[in-house]
Structure formats: structure tokens, C-alpha cells
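We count ligands from 1, going down the list as the structure has it; atoms in each ligand are counted the same way. All values below come from the heavy atoms of this structure, side chains included, with hydrogens, waters and symmetry mates left out.
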Amino acid sequence: MNAKITFFSVGLLAVLVLVIGIGIPSTNGQNDCQKLLARNMDKQTPPCDDFYAHACGSWYGGEYQRNFGVHDARSLWVAKLKEKLIEHFESATDEECQLGTFYRKCFSDLGSKQSITSYNDAMVGSGANFSILGHNKSDNSDWILANAELRTYGAQGLWRLLVQDNWQAAEQKIFYLLAPTFQLLGQDELSEFLYERYLKVLLIDMRVRVRKAQEWAKNLVDFEKSLQRLLAVDREKTLVLREPQTLLKLEEQLPALQLRKYFEILLRDMDWDASTLLVAVDMDYLQSLQRFLRSADREILSTWLLLKLPMHFEYKMHADEKIMNQKDYWVEQLRKLLPGPLGRLQMELLLGENYQEIYDNSIQQVAILFRDLKLQFEALLNETEVFDYDLVTRTMAREKLRAMRLLTPRLQDPGHSMSTGPAATPLGGSCDWNMMQLSRNRAQQELRQVMGEPAAVSHAVDPLVVNAYYRLRLNRIELPLGLLATPLLQEPTCRTEAERRVRLSAGLGYILAYEMVHAFDYDGINYDATNGQWPPRAIIRFGLRAACYMGARYTNAAININENIADTEGLRLAFETYQSRQDNNSSSTSQPDPELWKSFFLVFAQTWCGKSMDQDTEYPGQYSLHASHQERVNNVLANLPEFAETFQCKAGSAMNPVAKCRIW
Ligand SMILES: *[C@@H]1O[C@H](CO)[C@@H](O)[C@H](O)[C@H]1NC(C)=O
Ligand SMILES: *[C@@H]1O[C@H](CO)[C@@H](O)[C@H](O)[C@H]1NC(C)=O
Ligand SMILES: *[C@@H]1O[C@H](CO)[C@@H](O)[C@H](O)[C@H]1NC(C)=O
Ligand SMILES: *[C@@H]1O[C@H](CO)[C@@H](O)[C@H](O)[C@H]1NC(C)=O
Ligand SMILES: *[C@@H]1O[C@H](CO)[C@@H](O)[C@H](O)[C@H]1NC(C)=O
């Protein structure tokens, strides 16, 4: 109760301060919330011709566009969040804040003081006799040890070891052993050239003479190209993983790779057993690798492995970039290495001293929204013709919906140690050292998950992701922290409760509903975690209705169909939920307010202002699962009769086509 009062009074206070501060109450009857909407609009374009252009015609990413690569409304939210963090790090003198310590250390070290010695020492310290500083020959080095040691820092060597959900049962994490990605080497001459040059820089920093560094860099590239050739063309994409095997079995099939020793090094402080530890592997690659290593040059192999460590930490890779990009880079590192503390700091900066209370309150709002959407959707499932004479499937669908969960992140306790690992280390060292410590802690935690320890950091904690996810196998929607820090939830500029509700419903409500509908798109009905596949009759009826989303209005329809379904069905669900919550309230008038409906459609459209990332590429839309922002907005709204009614679009006009798609 207390929390609620605080939340609203903070909102009210903000509005009061604004009004008093400016000195003139809004004159033309618009409140601040509407002004925000109006700012992006191009009223010259009639809403019935092209609503996206009408709603977003004046949208502009401003200086953010140049500095943070902002291209649309969502990337602008992220840029603003980052900017707040950077401002804080640069102004704070607070020595207690380890995030700031990390940032300042790295930012000031970059280019000048970053030192390769740290990485070399780390490898030497591993006992692998692993050094080329001072031209040591690496004949005695132990590549098996080095290959494993790399992974304890989160880096990958001759193969990639991932910790992922088991393909059979999502609850269980297992190890995956896959081929490397060869990301820096790439596939063409230019990337190869750049990579060779980068290797040369690394070697020179290790005090190898220029001529020799040049020669070695070439050898290293050749070595990596041979590794790359072990992969059949494009297999990475088509790889179907086989059933997981025990480590014991693998060890028998691949003796030269000494996988047991590899895992012994990785899991040295943990309880495990080679006869039960499960690993899913890319066997073709590992077998080719085993053959290849028989004749590989040891010195080059060792040097290649040694350089993987600084490369993993992108040593000096960003030294030439603009200052702004470098700042961005270090915030991204914090996001990766310390997402929990970063998320908490972000909420504190955004919401002020009472951030915990305000945050808890907004989470509660989201939970209510989720509950209302579920009820509304359930009513649709109860009535849909898709399940006529098919009570069993109707019940199945209802149960799936009822079982759906919403995962919202909890803010990390400020008393919690800043470092994420059990052996928390204060960040006192150089930038390189700090990075290695944090990365090591993170890798440890990840490995421990296979032993059944819960993840310290779930996906949802990410403070800079402004998307939501539906996880099919878990039947769960995840809302990352970043999304909950956006104006969708945290903008107290609307003066009336009614305006606030419109914003919440058309913004976050749409996103939640969109994810919810993914549980009932083509993938959703064909893979049902609890019930298996739907019977054919229901699928056919579903398909007959879904066919509308293949119509001429949709480009790339076959690829985008699930997204298009979720878009329209989701917005309609959000809209109908908004409406019915309103109708249910005796305090509101029974007539819907057309201005509020207009706001609803504008708020939705404006979450899509700008261009999607791939719109600027050579093949627009081709690699995307989503249509362009413009197409999305216009197609979705054109499917809603209430939209045409609100803006009085003539039948057959662009935004009021005859064929309107509706499945549920
Ligand atoms: C490191 O080198 C020394 C001397 O060359 C050798 O005795 C030792 O066994 C080597 N250690 C490993 C782990 O290979
Ligand atoms: C590298 O060589 C130097 C002498 O040249 C020696 O002192 C050092 O122990 C060697 N390091 C390793 C890891 O073999
Ligand atoms: C849907 O139908 C079931 C079974 O008749 C009923 O229990 C439930 O209350 C209905 N849900 C809604 C939201 O109408
Ligand atoms: C409508 O209001 C009644 C009484 O306040 C409540 O019991 C009911 O759950 C509400 N319906 C919806 C859909 O919110
Ligand atoms: C309905 O009105 C009551 C008070 O009249 C209010 O507490 C409640 O939040 C309103 N519900 C919605 C969904 O706005």
C-alpha cells in the first residue's frame, strides 16, 4: 500500500515540477504525454494513407544517431540508458562503486596502458610453460593444459565449449563441444588481411621483432585456415547435434584430445564424475582435429593458443575507435561481466533514492497487466471456432495459456558483493587484470550450472536489452531489466491515470501480448511443451485463418509469418484487454474516448519509429524475421476495425483494407 502511494506521488511531483518550472501550464489542452507523441508526428501525412509516416514522420535520433548508432525508437532507449551510466561513471568520485572503478580504469588505460604482459603472465602462471616473451621457444609447452586454461578465463581454444540447455530437456544444462567460430579470420581476403595485421601487432607487443612478427603472423593465419578447412562447408549452420555422450565414452573415441584432462582443469574445484558427465559434440570436427594435430607444428600451435587470451579480451582492438565508441564498449563489457550490479545502478540512477520501492511497484503493475491479458486471451480461446467440436484441444490450449509464466528480474541486493563469483575479488588491478578476474568468475559460474547450481544471472537481468522473449520449451515470457527501464514503464510524464493506462497498454501491454501469442503461432502449436502437437483438425482450421497473413500486403510473408501473426494478434489482444478493463470500471464513462484510442494507436506506432537495422543493408529484410517497421505498423493497424473507425478511414483505403486478418 505504502509503495503505491509513493509511486504516484513521485509521478505527480515530477509533473508539478515540470509545470512550475516552465511557468506556463500547457496552453493548447495537450498534456505532456500528448506533447511527446506529437513531437514525432508528421501531421501532413493523412493517417489513413500511411499511419507509420503520420506517427513517426518527424522522429529523429538526434546526436544519439551519430554517437551510438541509433536507428530506431528502441535503440534510442538503449542509447539513453547507456548515456546515463557513462555520465555517472565520469562524474562519480565514489571509490566504493566498483563499476565506476572498472570503467575509469579501462577507459583511461585504453590504447596507452593496456598491457599484454598481464595475459602472458596469466598463461605462464597456469603452469603450461607458456611464454613467447623474450623469444622463449615453446617446445616444452603443454597445449592441452593451455587449451583448457583458456577456457577457465572464458576464452575458447581449439574448440568451443558451451554450456547450454540440453536439447532434450530444457531444465538440464549440459556441455557442448563445437568447432571454433573463426570470427576474426573470417571468410574473405580482407578479413584475413586485417586479422594477420592484428596478430602482428600482438606479437610486436610481446617484443617479437617486426620481421619475425610478420612471418609468425602469416604462419598463424595459415594454421587457423587449416583448422577452418576441417569444417565442411556451411556445416555450422546445418549441424544436427547428436545425442550427448558421457565423457568417458568420448575419451575412448578421441584419446589424443585428452578431454578428461581438459575437464579436470576446468572443473578442478567441483564434484563430478567422468562416467556421468554429459557432452554433446561435433564429432566430425573433433575427429578431424585429432588427425590434424598429429602433424601440427607445436610451436605455432602453442603461440596460436597463447594469443587467444588477449584476443578474447579484444586487446587493443578498439584503440583506433572514436572516444564515444570506446565508452560504449566499456559499458558493454560491464553489461556482460557484471549485469546484476549494473542493472541495479541503472534503476537507482533512473528512479532515485526510492528506486527499490518504485521498481517493485512497477513490477506489480506488469504482473497485473499480464494477468489481465491472460484472462482476455482465455476468453478468446474459449470461444474461437478453431476449436469447435474439439473440446480436448480447447482445454489443452487453455491449460497451456494458464501455465504460462512471466519472468521479471529482481534487482540485485546492494549488499551483494560486486564481483559475481564465489571467490569475489575486489577490482583493484589494471584494466586487463580486472577483466580477467571478472571473466574467470563468470566462466566458473557458468560451468557450475552443469553441476546443477542455479544460474547466478538469468537472461532477464540484462540491463541493456529492451526486447522481450518467449521461451517455447519453458512456456515462459522473459522481460529483461532493460525493457523495464524504458519509458514504457518509467516515464511519469502523463498527467492523468487514463493517459498512463493507455501508454502502459499500448507499449508494454502490446509487447507482453505479442510474446503471449507466440505460444499460439505455427511454432507454438506444433511444439507444445506440456501437450505435444495439436491434432490435425485444429491445425487445419488455424491454417485457414493464418493464410490471411500470407496476403499481398506482406512481403517475405513465408519467412515472417509467425512474427506477423504475433504482431497483429498481440496488438489486438492488448487493445481488447485495455478496452475491457476500461469498460469494467464503473468510474469511467461507458463511451470510449476517441482521443484515448488515438493515443493508443500512436503509442504503439511510435515504439517502431525509425528504421530496423537491416533496412539499410544491401538486401533489405532478407535476413530478418521481421518486416520493416513501416510495414509492421501499417499492416497491424490495418487489421483492426477500431483503428479505421477512430481515424474514419474510408473502406478500401490503404489503412482500411477489405481483408482483415484475425485468427483468435
Ligand atoms: C616446463 O618446462 C620444464 C623445463 O623445460 C619442464 O621440466 C616441465 O616439465 C615443463 N612443464 C610442463 C607442464 O610441460
Ligand atoms: C623463458 O626463457 C627465460 C630465459 O631465456 C627463462 O628464464 C624463463 O623461465 C623461460 N620461461 C618459460 C616459461 O619457459
Ligand atoms: C473459459 O472456459 C472455462 C471452462 O468453461 C471457464 O472455467 C473459464 O472461466 C473461462 N474463462 C474465461 C476467461 O472466460
Ligand atoms: C470486473 O470487475 C469485477 C468487480 O470489480 C471483478 O470481479 C472482475 O474480475 C473484473 N473483470 C475483469 C475482466 O477485470
Ligand atoms: C477501476 O477503478 C478503481 C476505482 O474506481 C481503481 O482502483 C482501479 O484501479 C480501476 N481499474 C482499472 C483497471 O483502471
Completion exercise
of all protein heavy atoms, closest to atom 9 (O) of ligand 3 is E378 OE2, 4.1 Å

Exercise for the section: Inspect the contact between R572 and E642 and indicate whether a charged nitrogen and a carboxylate oxygen are less than 4.0 angstrom apart. Expected result: no

Practice task
Looking only at protein heavy atoms, identify the closest one to atom 2 (O) of ligand 3 and say how far it is in Å.
Solution key: N382 ND2, 2.4 Å

Exercise for the section: Please work out whether any backbone atom (N, CA, C, O) or any side-chain heavy atom from C-beta onward of R402 is under 4.0 Å from ligand 3, and answer side chain, backbone, both or neither. Expected result: side chain

Practice task
Identify whether the distance between the nearest side-chain nitrogen and carboxylate oxygen of R662 and E576 falls below 4.0 Å.
Solution key: yes

Practice task
If you have a sec, work out which protein heavy atom is nearest atom 3 (C) of ligand 3 and how many Å separate them, to one decimal?
Solution key: R398 NH1, 3.5 Å

Practice task
Using a strict cut-off of less than 4.0 Å between a Lys/Arg side-chain nitrogen and an Asp/Glu carboxylate oxygen, indicate whether E332 and R335 qualify as a salt bridge.
Solution key: yes

Handout entry: Numbered atoms and elements of ligand 3 in range of L375, under 4.0 angstrom, heavy atoms
Key = 13 (C)

Problem - Flag if over 12 foreign heavy atoms under 6.0 Å of CZ, R410 - result: no

Practice task
State plainly whether the residues E348 and R344 are in salt-bridge range, i.e. N to O under 4.0 Å.
Solution key: yes

